[in-house]
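Down below is the structure, laid out as structure tokens.
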Amino acid sequence: MKRYISIAAAQMLSVLLLPAQTTKTDVSLQLLGTRSWIRVDMKDGDKGLAGARIFWSKTNKKPAVANEVVSDVVERYYIQHVDPETTYYVWVESAAGKPLAQGKSYTSKSWVLDEAELQEVKRNPSSGVVPPGMEIFWQDEFNDQLLNRNKWTTNYFSSLNYLNDKSKQEMLQDKLPQPAYTLNGSAINLYVNDTIPKRIFTEGGNQKISSIQTYDWKTNENLLDNSKGGYFEVKVRRNRQGNPKGTNTAFWFDSPGPDIRYYLQEGTEVDGIKGIRPKGQLFEIDVFEYITAQFVIHGHVDAKGVFQRNLATHIAEGYEHVGQWVTHGVLWTPTSIKHYINGDLIKEYNNKNQIYSPNHFMNVFLGAYGSEGGVNMEVDYIRAYNWPLREGNELPNPDFEGKSGLMPWEGEGTIGDGLGEKGSKALVLAPGKKIEQYVYLDPQQQFNLSYWGKGDRIAVAVDDVTVVTGKLSTLKQQSQYLGKQGKKHEISFVTGLEIKPNKKILRIAFTNTGKEMAYLDNITLKRK
């Protein structure tokens with residue numbers, strides 16, 4: 001394990017941070033800027049930053065005296081207490097004053113994928129159930145000594161806390177209890193014990209809470225736009241000491257604020273807040289919470305805002321969770337929720353006439369809960385994958401060239417080599433066969449669906465999908481003769497109304513209505 005140094009212990013900071021930006025300067029110097037710190041790495045054999053003098057300034061003028069002289073055992077250094085959205089200039093010299101490297105870093109409030117973290121996936125791969133063709137769009141390997149506040153806030157709060165007036169006031173006044181955690185350069189350890197945090201989170205409750213999350217209720221700041229779903233995986237090890245009350249170790253998703261409109265159902269109103277969540281749609285996913293790793297989808301809430309019962313739940317038998325490293329995954333698509341443990345599919349909820357999936361972003365939590373004893377959860381990594389989208393296209397796998405084969409298209413098509421546009425791969429549809437794909441799109445936007453086709457006749461349907469029930473409403477239809485030579489075709493449509501910032505769920509479908517094979521390629525969906 002590498003050894004690191006920080007300017008000050010910052011495990012218990014308040015307020016959240018936004019994304020980071022890497023600035024590559026001299027080949028030997030690697031800088032990563034976040035809203036609260038700049039990471040300094042030197043790649044110079046095995047020496048790293050041993051004995052180095054580090055200077056930094058907001059101007060391109062090196063200070064006369066080094067800001068820090070690094071000890072002889074350090075390979076990574078953190079410049080802390082920086083101003084967000086500011087350019088910093090950094091110089092590194094040897095102990096003898098010889099210039100080693102210089103560069104600059106911008107302390108952005110927007111995270112970016114970090115090459116060092118992406119390389120970690122090769123060393124410590126995700127489970128084998130990551131859908132082929134999906135790519136990481138967000139991750140935290142917890143390999144730093146400080147929490148990346150471009151990705152996380154330590155202000156724990158959820159929709160269920162909103163109706164507790166004292167907790168709500170603490171949230172609004174920025175006085176929420178802060179979590180206990182440590183970072184050792186390879187994992188984060190979230191813990192509660194008799195000493196820390198100082199008090200029970202909710203008066204009259206039985207849980208201290210040490211948790212981090214991706215949305216801040218007070219500032220209404222979302223650090224992770226996962227509104228198009230995807231595959232999310234964590235690798236964790238959970239433990240308890242003694243016989244603590246209220247034991248939970250959790251990886252879960254909750255509806256965002258800044259009020260409880262997503263928690264309340266349509267047609268209900270509490271304290272002047274009108275519910276917008278359709279009955280039967282989830283407001284919370286507990287990938288695991290209890291030490292049994294029970295999977296729960298929450299959804300039934302009465303007219304007074306009191307939680308009633310789950311939409312669905314299950315427990316996977318035969319897995320040991322206490323003291324063991326275990327991977328937990330959830331695949332969230334526009335029409336389904338699938339649960340995995342250690343690469344095994346445990347349960348899927350994929351009824352297109354009972355769609356649990358939300359059509360908006362969700363707040364992601366990692367936490368340990370309990371009191372009168374110890375509870376902790378070590379997290380090796382959290383990774384979020386989704387289908388890559390290129391050049392303005394919003395329809396995954398448009399050309400059938402990638403590793404995913406037909407996915408996320410569904411249906412009875414096959415992939416044919418050399419049969420597509422310009423001799424590329426193509427989707428092959430036999431007479432009477434159909435493929436379809438459900439996708440999240442922005443509402444009230446004009447889109448252009450284009451595709452290359454060859455063969456007899458194809459029927460194209462663009463349908464609006466009603467949340468929960470999955471009922472289809474036609475937005476546009478087209479019956480098209482493709483032709484023996486193959487050529488491009490287009491169809492335009494406008495997505496319907498939806499509550500902001502929710503997404504619309506649409507279905508794109510192709511049916512071979514001719515008497516011969518049909519070949520489709522380069523199916524793209526772009527805003528006009």
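Atom set for the values below is all heavy atoms of this structure, side chains included, hydrogens, waters and symmetry mates excluded.
Aromatic rings of Phe283 and Tyr263 (six-membered ring for Trp) have centroids within the 6.0 Å cut-off, being under it. Aromatic rings from Phe232 and Phe251 are positioned such that their centres are separated by 6.0 Å or more.
Between Glu120 and Lys235 there is no salt bridge, since none of the side-chain N atoms of the basic residue sits less than 4.0 Å from a carboxylate O of the acidic one. Taking the charged nitrogens against the carboxylate oxygens, Glu233 and Arg383 have no contact shorter than 4.0 Å, which rules out a salt bridge. Electrostatic pairing of Lys151 and Glu117 counts as a salt bridge here, judged by a charged N lying under 4.0 Å from a carboxylate O. Salt-bridge formation is not detected for the pair Asp442/Lys504: no Lys NZ or Arg NE/NH1/NH2 atom is positioned less than 4.0 Å from an Asp or Glu carboxylate oxygen.
Between His321 and His328, the two ring planes are parallel [angle under 30°; tilted spans 30° to 60°]. Aromatic ring orientation, Tyr156 versus Tyr369: perpendicular (interplanar angle above 60°, classes split at 30° and 60°). Ring planes of Tyr77 and Trp56: tilted class, angle from 30 to 60°. Using cut-offs of 30° and 60° on the angle between ring planes, the pair Tyr349 and Phe295 is parallel. Using cut-offs of 30° and 60° for the angle between ring planes, the Tyr215 and Trp217 rings count as perpendicular.
In this structure the side chain of Trp332 reaches within 4.5 angstrom of the side chain of Asn226, judged on heavy atoms.
Taking a 6.0 Å sphere around CG of Asp271, one finds it holds 12 or fewer heavy atoms contributed by other residues, nucleotides or ligands. Residue-environment remark: CZ (Arg240) stays at or below the threshold of 12 foreign heavy atoms within 6.0 Å.
Side-chain atoms of Asn155 and Gln178 include a donor-acceptor pair closer than 3.5 Å. One side chain, Gln281 or Asn359, offers a donor N or O that lies under 3.5 Å from an acceptor on the other. Under the 3.5 Å distance criterion, with hydrogens and angles disregarded, no donor-acceptor pair is assigned to the side chains of Asn148 and Thr34. Side chain to side chain, Asn161 and Ser167 fail the donor-acceptor criterion of an N or O pair below 3.5 Å. Gln139 and Asp114 share no donor-acceptor pair across their side chains, judged by distance under 3.5 Å alone. Looking only at atom types and distance, the side chain of Ser126 has no donor-acceptor partner in the side chain of Tyr231 under 3.5 Å away. In summary, the side chains of Trp152 and Asp140 do present a donor paired with an acceptor at a separation below 3.5 Å, with no hydrogens or angles considered. Checking Thr202 against Asn164 by side-chain atom types alone, no donor-acceptor pair falls below 3.5 Å.
Test Thr182, Ile382, Ile212 against Ile188 for side chain to side chain contact (heavy atoms under 4.5 Å, CB included) and you get one pass: Ile212. No option in Thr466, Val465, Thr495, Asp463 other than Val465 meets the side chain to side chain contact (heavy atoms under 4.5 Å, CB included) test with Ile505. Just one of Lys347, Lys352, Glu348 meets the side chain to side chain contact (heavy atoms under 4.5 Å, CB included) condition when paired with Asn350; it is Glu348. Test Pro179, Pro177, Ser211 against Thr154 for side chain to side chain contact (heavy atoms under 4.5 Å, CB included) and you get one pass: Pro179.
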Problem set entry | Leu345/Val129 under side chain to side chain contact (heavy atoms under 4.5 Å, CB included): CA gap, chis, key distance, verdict | CA-CA 8 Å; Leu345 175 61; Val129 297; over 6 Å; no

Exercise. Stepwise, does the salt bridge (Lys or Arg N to Asp or Glu O under 4.0 Å) test hold for Lys503 with Glu394?
Worked result: CA-CA 13 Å; Lys503 300 292 185 181; Glu394 298 197 37; over 6 Å; no

For this session: Report the C-alpha separation of Lys304 and Asp302 in whole Å, then their side-chain angles, then the decisive distance to 0.1 Å, and conclude whether the salt bridge (Lys or Arg N to Asp or Glu O under 4.0 Å) test is met.
Result: CA-CA 5 Å; Lys304 295 182 180 180; Asp302 70 15; over 6 Å; no

Problem set entry | Leu506 vs Phe447, side chain to side chain contact (heavy atoms under 4.5 Å, CB included): CA-CA, chis, key distance, verdict | CA-CA 12 Å; Leu506 269 74; Phe447 284 87; over 6 Å; no

Problem set entry | Candidate pair Val468 and Gln354, rule side chain to side chain contact (heavy atoms under 4.5 Å, CB included), full reasoning | CA-CA 5 Å; Val468 182; Gln354 173 52 70; 3.7 Å; yes

For this session: Test ring pair (Phe, Tyr, Trp, His ring centres under 6.0 Å) on Tyr438 and Tyr440 and set out the steps.
Result: CA-CA 7 Å; Tyr438 287 74; Tyr440 288 115; over 10 Å; no

For this session: Let me see the working for Thr335 and Arg507 under side chain to side chain contact (heavy atoms under 4.5 Å, CB included), right down to the final yes or no.
Result: CA-CA 10 Å; Thr335 60; Arg507 185 191 74 149; over 6 Å; no

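Between the Asn351 side chain and the Asn353 main chain, a donor and an acceptor come within less than 3.5 Å of each other. Panel note: side chain Ser159, backbone Ser255; no donor-acceptor pair is recorded below 3.5 Å. Between the side chain of Asn310 and the backbone N or O of His298 there is no donor-acceptor pair closer than 3.5 Å. The closest donor-acceptor contact from the side chain of Thr268 to the backbone of Glu266 lies at 3.5 Å or more, if one exists at all.
Distance check, rounded to the nearest 0.5 Å: NZ of Lys208 to CD1 of Ile196 gives 8.5 Å.
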